Amino acid sequence: MTLGTMNHDTNKEDLIQLEPLVHQVGGHSSMFVLDDTTLCKPLIGREYRFYRTLPPEVKKYTPQFHGTLQVVLQEAGDGLSLAALPNEQMPSARSNQAALKQGCLRRISSSSVELESDEEDEHPVTPPTSPNSACSAATNTRTSADENISSLTHPDTHNPWLQQCHQTTLHKLKQKSDSSNVVECIMLENLTFKFRYPCVLDLKMGTRQYGDDAPESKRKSQTAKAANTTTITLGVRLVGMQ
């Protein structure tokens, strides 16, 4: 993970609030939604080099890599949140930013991870008569359907593990960040954006779950975990699915 420095010329109104990816089923850190088609996650050197050096023959089997961006950790009374600093590599940052300025997208913090339930579709919305009324209609629908908004900790919505992963990621980033609270992230294609109910599977492949440069403590812990799962017997382990 790389820490950066915030450009003091950046206007706070230009920051793009990030949401956690509700379809994540595994991993050590949260993935965040930048816009409909783009995700971001804290930069790890080895993963960054992987996407930068992929041969063309392999790229068609992986999410498209969109480069890097800086995100700012923000503290508020209800916890921590992340906001992206706009840059030229963002695929469609400006369209997402305009919606956020008008309050059309929910802002997420470490103590509040929420999503709209499917029941909201039962509340019809009158087609807007002007461009400015589109956001207003969406906001009014949310206000009138507050009872249909469910926390990720609700067993009927999404895996409660996601809430814990999201909180842990934000607090780890806070501990490792400097006074600027700026963290470097990578941007990846969101492969789930076309689907309302995407099927997601996270597998650990291979019989060894640590890298050549792993410290002895990690080697021991990963070896013990492999011995107690199907990693050692089948060479594959199911981490999560939906």
Side-chain angles (χ1 to χ4, degrees), residues 1 18-68 82 91 106 108 110 113-118 121 150-170 172-173 185-212 214 218-219 221-242:
M1 179 175 63
L18 303 179
E19 306 175 30
L21 175 66
V22 297
H23 301 303
Q24 183 176 351
V25 297
H28 297 290
S29 63
S30 284
M31 301 186 72
F32 298 91
V33 178
L34 178 65
D35 57 41
D36 285 345
T37 62
T38 313
L39 304 175
C40 63
K41 60 183 298 190
L43 188 151
I44 299 174
R46 183 167 54 185
E47 184 177 29
Y48 174 71
R49 291 190 294 272
F50 169 81
Y51 284 109
R52 285 291 303 272
T53 59
L54 272 178
E57 297 80 8
V58 180
K59 284 186 177 181
K60 61 182 179 180
Y61 300 110
T62 65
Q64 187 174 353
F65 176 66
H66 294 303
T68 64
L82 281 180
R106 187 185 315 284
I108 304 298
S110 61
V113 181
E114 298 180 338
L115 69 158
E116 299 170 19
S117 72
D118 299 328
D121 293 339
S150 305
S151 168
L152 285 177
T153 57
H154 194 287
D156 296 331
T157 53
H158 286 73
N159 191 339
W161 164 86
L162 180 60
Q163 170 88 354
Q164 179 182 355
C165 179
H166 176 66
Q167 293 177 347
T168 301
T169 297
L170 290 181
K172 282 184 177 180
L173 292 177
C185 290
I186 63 172
M187 292 183 288
L188 298 172
E189 176 188 6
N190 181 4
L191 297 175
T192 68
F193 86 98
K194 293 181 179 180
F195 305 98
R196 183 172 178 82
Y197 302 107
C199 296
V200 181
L201 179 66
D202 190 326
L203 297 175
K204 281 279 190 181
M205 306 297 295
T207 57
R208 195 184 80 170
Q209 302 298 310
Y210 57 84
D212 294 337
K218 184 170 184 178
R219 290 170 179 256
S221 66
Q222 292 298 320
T223 299
K225 182 182 291 186
N228 293 317
T229 65
T230 55
T231 291
I232 200 68
T233 55
L234 302 177
V236 62
R237 180 171 82 242
L238 175 61
V239 177
M241 64 180 294
Q242 72 168 35

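Every value quoted in this text rests on a predicted model; they were computed, and no experiment measured them.
Contact annotation: the side chain of Val236 never approaches that of Thr231 to less than 4.5 Å [non-hydrogen atoms, C-beta and beyond]. At a threshold of 4.5 Å between non-hydrogen side-chain atoms, the residues Phe32 and Leu82 count as touching.
The NZ atom of Lys218 lies 11.5 Å from the OH atom of Tyr210; values are rounded to the nearest 0.5 Å. Rounded to the nearest 0.5 angstrom, Leu43 CG and Met187 CE are separated by 11.0 Å. Atom-to-atom distance recorded for Lys204:NZ and Gln209:CD is 5.5 Å, nearest 0.5 angstrom. Taken to the nearest 0.5 Å, the NZ atom of Lys194 stands 12.5 Å off from the CG atom of Asp36.
Contact detail for His28 and Thr169: the closest heavy-atom pair is O-OG1, 4.3 Å. Leu188 and Met31 make their closest contact through CD1-CE, 4.4 Å (heavy atoms, listed as atom of the first residue, atom of the second, distance). Counting all heavy atoms, side chain and backbone alike, Gly211 lies closest to Arg208 at C-NH2, 4.1 Å. For the pair Leu18 and Cys40, the tightest heavy-atom approach, listed with the atom from each and the gap, is CD1-SG, 3.7 Å. Leu173 approaches Pro42 most closely through the heavy-atom pair CD2-CG, 4.1 Å. Closest non-hydrogen pair, Gln24 versus Trp161, comes out as O-CZ3, 3.7 Å.
Checked against side-chain hydrogen bond (donor to acceptor under 3.5 Å, both in side chains), Ser29 has no partners two or more places apart in sequence or in another chain. Considering only residues two or more places apart in sequence or on other chains, Asn228 meets the side-chain hydrogen bond (donor to acceptor under 3.5 Å, both in side chains) condition with none of them. Every residue meeting the side-chain contact (heavy atoms from CB on, under 4.5 Å) condition with Leu191, not counting sequence neighbours, appears here in chain and number order: Pro63, Glu189. Thr192 is linked by a side-chain contact (heavy atoms from CB on, under 4.5 Å) to Leu21, His23, Asn190, Pro198, Val200, counting only residues two or more places apart in sequence or in another chain. Leu54 is linked by a side-chain contact (heavy atoms from CB on, under 4.5 Å) to Phe50, Tyr51, Val58, Lys59, Thr62, counting only residues two or more places apart in sequence or in another chain. Every residue two or more places apart in sequence or in another chain was checked for a side-chain hydrogen bond (donor to acceptor under 3.5 Å, both in side chains) with Thr168, and none qualifies. Partners of Thr230 under the side-chain contact (heavy atoms from CB on, under 4.5 Å) rule, at least two apart in sequence or in another chain, are Thr233, Leu234, Arg237.
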Chi angles and distances behind the side chain to side chain contact (heavy atoms under 4.5 Å, CB included) call for Leu39, Val33: CA-CA 5 Å; Leu39 304 175; Val33 178; 3.8 Å; yes

Should Leu238 and Met241 be marked as a side chain to side chain contact (heavy atoms under 4.5 Å, CB included) after you check the CA-CA gap, both sets of side-chain angles, and the distance that decides it? CA-CA 8 Å; Leu238 175 61; Met241 64 180 294; 4.0 Å; yes

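Side-chain N or O atoms of Thr38 include none that pairs as donor or acceptor with a backbone N or O of Leu34 at under 3.5 Å. A donor-acceptor pair is defined here as one N or O able to donate and one able to accept, closer than 3.5 Å; no such pair exists between the side chain of Ser30 and the backbone of Pro20.
The salt bridge (Lys or Arg N to Asp or Glu O under 4.0 Å) analysis of residues 44-55, with sequence neighbours excluded, yields the pairs Lys41-Glu47, Arg46-Asp213.
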